[in-house]
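Beneath this line is the structure, given in structure tokens, with notes to follow.
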Amino acid sequence: MGPRDRDPVGGPKATINAVPVDRLQRPLEDLRISVTDRCNFRCTYCMPLDEYDWIARDEILNYEEIARLARIFAGLGVSKLRLTGGEPLVRQDLDRLAALLAGIEGIEDICLTTNGALLAGRAVALRAAGVNRVTISIDSVNPETFAQMTQRAELQPVLEGIAAARQAGFAPIKLNAVIERGVNEREIPDLVAFARAAGCELRFIEYMDVGNANRWTSEKLVPKTEILAKIASAQAIEPVRRERGSAPSMDYAFTDGGGTVGVIASVTEPFCGACTRARITADGRLVTCLFSTRGHNLKSLLRAGASDGEIRSFVVAVWNARDDRYSEQRLAAIASPQGYRPGAVKKIEMISLGG
Ligand code: SAM
Ligand code: SF4
Ligand code: SF4
């Protein structure tokens, strides 16, 4: 055994190139890469404030650094990448990064999560570069509600982004809608009608307490049961058998054959047991849970000249030590006499995490 096989931070050793598993026996399968913490929207549930402690430009990983990390993760068995942020399309030349990632052996799937506002001019180049799927966030198809929720954005460019994605050949196009009590839950049937007409797969997301800035309370949560009832009031649905264990969305088919709709019930039906996702923040920290309070500094390894083997061993050790199951613990706390205190710990904000 050479020095590269040694585990730098303790915990069980993993064989090089074997898929690492964590303490709850969950393999490392997917990697979400946040390419920026900046965004052209200020969605009330994600990034409500005007100013944050923005990551300094030179602290943000460059594309070569991101690609090197992705190659190391691919060597550990990761085949699916998701580019996210912040808003990934506010970063220049994202298609150049996509091309670098698409050239990595073992990477089979590159997905982009975007608010869609800048997609119209970029969809063709991104697809040509190797992005093969897009998920576009759209919480309302009512211009007033959309403006209220995003605080500084208009609906029309997003609609144009969805149309451009379709023209560029992305299929299926997924749409994400976060539902917030008192804001857009009455618009669930309209979102369903829009997605069906556009031929997109819509997924409703329960409002989560990611970070602390959104001041989440359980009163703002619209649970999956209520979301499903509202969908069914517009269009009959039936459950679809899950294809893939770790997919967070519970899917339902419209009984008239008009496609599917999903609900990501992270709060009321947590899926931590099947969570195989790692995240890299824009400043190069490895984060093992959406509700983590800290990340593990990959950038300092990269910039200190660590070898691929050293970085790989670090990643394996972090993953081997992972025991995150925040959403399951939150559900238990909500049901306990003490209740749940969402602001009790300082979590990393969604803008730097990458949703
Ligand atoms: N800017 C891009 C976008 O909005 O699609 C990518 C980053 S965004 C953080 C990724 C996803 O996280 C979006 O679909 C967004 O709606 C979702 N999200 C953000 N804050 C959330 C929250 N508090 N609860 C549930 N979903 C949230
Ligand atoms: Fe920006 Fe996406 Fe967060 Fe909205 S959800 S503020 S678009 S990062
Ligand atoms: Fe994964 Fe953490 Fe979400 Fe559970 S709470 S599903 S461990 S990201």
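Counting begins at 1 with the first residue of the sequence. Counting starts at 1 for both ligands and their atoms, in listed order.
Between T114 and ligand 1, an N or O atom pair is found at a separation short of 3.5 Å. Geometrically, ligand 1 and D139 share no nitrogen or oxygen pair separated by less than 3.5 Å. For the pair M208 and ligand 1, the shortest N or O to N or O distance falls below 3.5 Å.
Judged by the 6.0 Å and 45° rule, R127 forms a cation-pi pair with F170. Taking the ring axis of F41 as reference, the NZ or CZ atom of R152 does not stay both within 45° of it and closer than 6.0 Å to the ring centre.
Atom numbering of ligand 3 starts at 1 in the shown order; those under 4.0 Å from a heavy atom of F291 are 5 (S). Atoms of ligand 3 lying under 4.0 Å from any heavy atom of L290, numbered from 1 in the order shown and given with element: 2 (Fe), 8 (S). Within ligand 3, the atoms closer than 4.0 Å to a non-hydrogen atom of S327 are 5 (S), numbered from 1 in the order shown. Of all the atoms in ligand 1, the ones that sit under 4.0 Å from a non-hydrogen atom of G86 are 1 (N), 2 (C), 6 (C), 7 (C). Every atom of ligand 1 with a heavy atom of T84 under 4.0 Å away is listed here by number and element: 6 (C), 7 (C). In the vicinity of N115, heavy-atom distances shorter than 4.0 Å reach the ligand 1 atoms 2 (C), 3 (C), 5 (O). Close contacts of ligand 1 with N176, meaning ligand atoms under 4.0 Å from a residue heavy atom, involve 14 (O). Those atoms of ligand 1 that come under 4.0 Å of a heavy atom in E87, given as number and element, are 1 (N), 2 (C).
Atom 7 (S) of ligand 3 has D324 O, 3.5 Å as its closest protein atom, hydrogens excluded (heavy atom only). When only non-hydrogen protein atoms are considered, atom 4 (Fe) of ligand 3 lies nearest to C272 SG, 2.3 Å. Shortest contact from atom 2 (Fe) of ligand 3 to any protein heavy atom: C289 SG, 2.3 Å. The nearest heavy-atom contact from the protein to atom 1 (Fe) of ligand 3 is C275 SG, 2.4 Å.
Of all heavy-atom pairs between Y63 and D93, the closest is CE1-O, 3.3 Å. Here the closest non-hydrogen pair linking T44 and E180 is OG1-OE1, 3.6 Å. Nearest heavy-atom pair across I311 and L298 is CG2-CD2, 4.2 Å. Shortest non-hydrogen contact noted between G77 and V19 is CA-CG2, 4.3 Å.
Ligand 1 is never approached by M47 to a heavy-atom distance shorter than 4.0 Å. At a 4.0 Å cut-off, at least one heavy atom of G85 sits close enough to ligand 1 to count as contact.
More than 12 heavy atoms of other residues, nucleotides or ligands shown are found within 6.0 angstrom of CZ on R303. Under a cut-off of 6.0 angstrom, the local environment of CG in D53 is sparse, with at most 12 non-hydrogen atoms contributed by other residues, nucleotides or ligands. At most 12 heavy atoms of other shown residues, nucleotides or ligands fall within 6.0 angstrom of atom CD in E154.
Residue contacts with ligand 1 for N214 involve side-chain atoms from C-beta outward but no N, CA, C or O (heavy atoms, distance under 4.0 Å). If you look at T113 next to ligand 1, the close heavy atoms, those under 4.0 Å, come from the backbone and the side chain alike.
Of the possible donor and acceptor atoms, one in the side chain of R91 sits under 3.5 Å from a partner among the backbone N and O of V35. Side-chain atoms of E269 never come within 3.5 Å of backbone atoms of S266 as a donor-acceptor pair (strictly under, hydrogens ignored).
For a distance threshold of 2.8 Å, the protein N, O or S atoms nearer than that to atom 1 (Fe) of ligand 2, listed by chain and number, are C39 SG.
With sequence neighbours left out, D109 forms a side chain to side chain contact (heavy atoms under 4.5 Å, CB included) with K80, N132, R133.
Using a 4.0 Å cut-off between charged side-chain N and carboxylate O, E226 and R181 make a salt bridge.
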